[in-house]
Number of protein chains: 2
Amino acid sequence: MNLPPLVQAFVLHFGEMGSRWGINRTVGQIYALLYVAPDPLNAEQIVDALGVSRSNVSMGLKELQAWNLAIPKHIPNDRRDHFTTPDDVWQILRTLAEERKKREVDPTLSVLRELLMQSPGSAEERHAQQRMAEMHGLIEQLTTWYDDVKRLETERLASLLALGARVTRLLDTKDKVIGLMRGRASPGKEG
Amino acid sequence: MNLPPLVQAFVLHFGEMGSRWGINRTVGQIYALLYVAPDPLNAEQIVDALGVSRSNVSMGLKELQAWNLAIPKHIPNDRRDHFTTPDDVWQILRTLAEERKKREVDPTLSVLRELLMQSPGSAEERHAQQRMAEMHGLIEQLTTWYDDVKRLETERLASLLALGARVTRLLDTKDKVIGLMRGRASPGKEG
DNA sequence: CCGACATTTCAGGAATTTCTGAAATATCGG
DNA sequence: CCGATATTTCAGAAATTCCTGAAATGTCGG
């Protein structure tokens, strides 16, 4: 690996964290490298930069594409595929959330649904189903919220984040304000 | 493994998902088993239920305790340790978020901070640092929001979730309402 | 302190995942 | 269709992670 020290440190870190994030070292490194590269890179350049085999890079790129975290950029008069990461970090966040949900949450949700359909054959099973129902309810609430929020454009999402927990204070205030307003002006529908 | 079919299906699913969640099969299965069990279980019972070795259960329980996902419950007149999962699913969510942040996000944040302190030695490094700064900014915003929200008690958290993206509609409304209210009543400080 | 039982540690074997090099396949200009 | 170049596939090697059984350690009542 022969990279500027700053880049190398970043790449190595992503490689190490890879295992905690459920991706392997090479995939983490490729992602990090593409993320900080000023221009799209082709497979050969990645091989040179990371010192791993060509086939490993090929598989890594495939996986990153499956995650929508590497996108091929065609460069005129060059047969080789070049890759970048999406440049808007908020978009990356969305992508990550979406893919993780698909892989880590949805399967469980569907198993839970299935198990909740069955009729329990014992007190033990009845209790287990009760617990599964709690888990199902929580996950469903979370995914509903997520489906809702993921449609927000970046600017609104950012302001929502910035607001943080103060939003609940706003909720309290809202009720009071509506009380005051009632019968005076039209504050709009408020659920 | 000799469990009621419903429980067995649940346990097996968690075992399979384990690898996607960054835990191993046994740990996933132990968690699932404890989660649906009507009473705390001791290690021997887990061994019998799952058909894995005693030592494996011991290590699995240790890991779950490190995650705060298994808690020892002392049972009077019984020397053996018994374990349950926290029973409030919202609490489990908090715990999970906290632990994942600690393991998956914080290390990256600190590496980014460190790399951003250094002065770039080339245009390439300068660009890399720029990208790192974007990532750092995003992560910092997310963790600030998270630190903010995690303090909410369950009820408020739930209502925040239920509100979903409509909260931004509320933000728009807020400004209009405050405009209308101005000079008529005290709507309270609103940032 | 002893004996009975409970738990943890850990070396090494088993299972799984990752990585490589070689071969196969694909794509292009001519 | 050919030769040059780019990419993918895949069997097995390498590395890593997981799991077990045996031994060590801890803890209790007496």
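Residue numbers begin at 1 in each chain, while the letters A, B, ... track the order of the sequences.
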Problem - Interface with DNA chain C, restricted to residues 10-18 of chain A and to heavy atoms under 4.0 Å - result: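 By residue number: none to list.
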Practice task
Considering just the side-chain nitrogens and oxygens of Lys62(A), establish if one lies under 4.0 Å of OP1 or OP2 belonging to dT9(D).
Solution key: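 Looking at the OP1 and OP2 atoms of dT9(D), one of them is under 4.0 Å from a side-chain N or O of Lys62(A).
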Can you sort out the partners of [X] under side-chain contact (heavy atoms from CB on, under 4.5 Å), two or more places apart, ordered by chain and number?
| X | result |
| --- | --- |
| Pro4(B) | Glu124(A), Glu125(A), Val7(B) |
| Glu98(B) | Tyr146(B), Lys150(B) |
| Thr84(A) | Pro40(A), Ile71(A), Lys73(A) |
| Ala49(B) | Leu3(B), Leu33(B) |

Practice task
Not counting sequence neighbours, list each pair that qualifies as a side-chain hydrogen bond (donor to acceptor under 3.5 Å, both in side chains) and has a residue in residues 47-64 of chain A.
Solution key: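 For residues 47-64 of chain A, and leaving out neighbouring residues, the side-chain hydrogen bond (donor to acceptor under 3.5 Å, both in side chains) pairs sorted by first residue read Thr26(A)-Asn56(A), Ser53(A)-Ser55(A).
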Handout entry: Contact list for residues 111-123 of chain A, test side-chain hydrogen bond (donor to acceptor under 3.5 Å, both in side chains), sequence neighbours left out
Key =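 As it turns out, the side-chain hydrogen bond (donor to acceptor under 3.5 Å, both in side chains) pairs with a partner in residues 111-123 of chain A, which skip direct neighbours, are Arg113(A)-His136(A), Arg113(A)-Glu140(A).
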Exercise for the section: Look up atom CG in Asn2(B) and atom CG in Leu50(B), then write down how far apart they are to the nearest 0.5 Å. Expected result: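 One gets 11.5 Å once the value is rounded to the nearest 0.5 Å.
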Exercise for the section: Can you measure from CZ (Arg20(A)) to OG1 (Thr108(B)) and round to the nearest 0.5 angstrom? Expected result: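 So the gap between those two atoms works out to 8.5 Å.
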Write down the distance between [atom1] ([X]) and [atom2] ([N]), rounded to a whole number of angstrom.
| X | N | atom1 | atom2 | answer |
| --- | --- | --- | --- | --- |
| His74(B) | dT7(C) | NE2 | P | 11 Å |
| Ile46(A) | dC19(C) | CD1 | C1' | 16 Å |
| Arg80(B) | dT8(C) | CZ | C1' | 17 Å |
| Gln45(A) | dT7(D) | CD | P | 11 Å |
| Glu44(A) | dT8(D) | CD | P | 13 Å |
| Phe83(B) | dT7(C) | CZ | C1' | 10 Å |
| Leu61(B) | dA6(C) | CG | P | 15 Å |

Problem - Rounded to 10 degrees, the angle between the two terminal axes of the helix from dC1(C)-dG30(D) to dG30(C)-dC1(D), each from five pairs - result: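 The helix from dC1(C)-dG30(D) to dG30(C)-dC1(D) shows an end-to-end axis angle of 40°.
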Exercise for the section: Please name all residues satisfying ring pair (Phe, Tyr, Trp, His ring centres under 6.0 Å) with Phe10(B), sequence neighbours left out, ordered by chain then number. Expected result: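 Phe10(B) satisfies ring pair (Phe, Tyr, Trp, His ring centres under 6.0 Å) with Phe14(B) only.
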Problem - Protein proximity profile, nucleotides 17-30 of chain D - base contact B, sugar-phosphate-only contact S, no contact -, cut-off 4.0 Å on heavy atoms - result: -SSBB----BBB--
Problem - For Asp106(B), all residues meeting side chain to side chain donor-acceptor pair (under 3.5 Å), sequence neighbours excluded - result: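 For Asp106(B) the side chain to side chain donor-acceptor pair (under 3.5 Å) partners, ignoring immediate neighbours, are Lys101(B).
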Exercise for the section: Quick one: list whatever passes side chain to side chain donor-acceptor pair (under 3.5 Å) with Arg151(A), sequence neighbours left out. Expected result: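 Testing Arg151(A) for side chain to side chain donor-acceptor pair (under 3.5 Å), a comparison that skips the adjacent residues, returns none.
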Practice task
Quick one: label Asn42(A) by what it contacts on the DNA or RNA (base, sugar-phosphate, nothing), any heavy atom closer than 4.0 Å.
Solution key: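 It contacts nothing in the nucleic acid.
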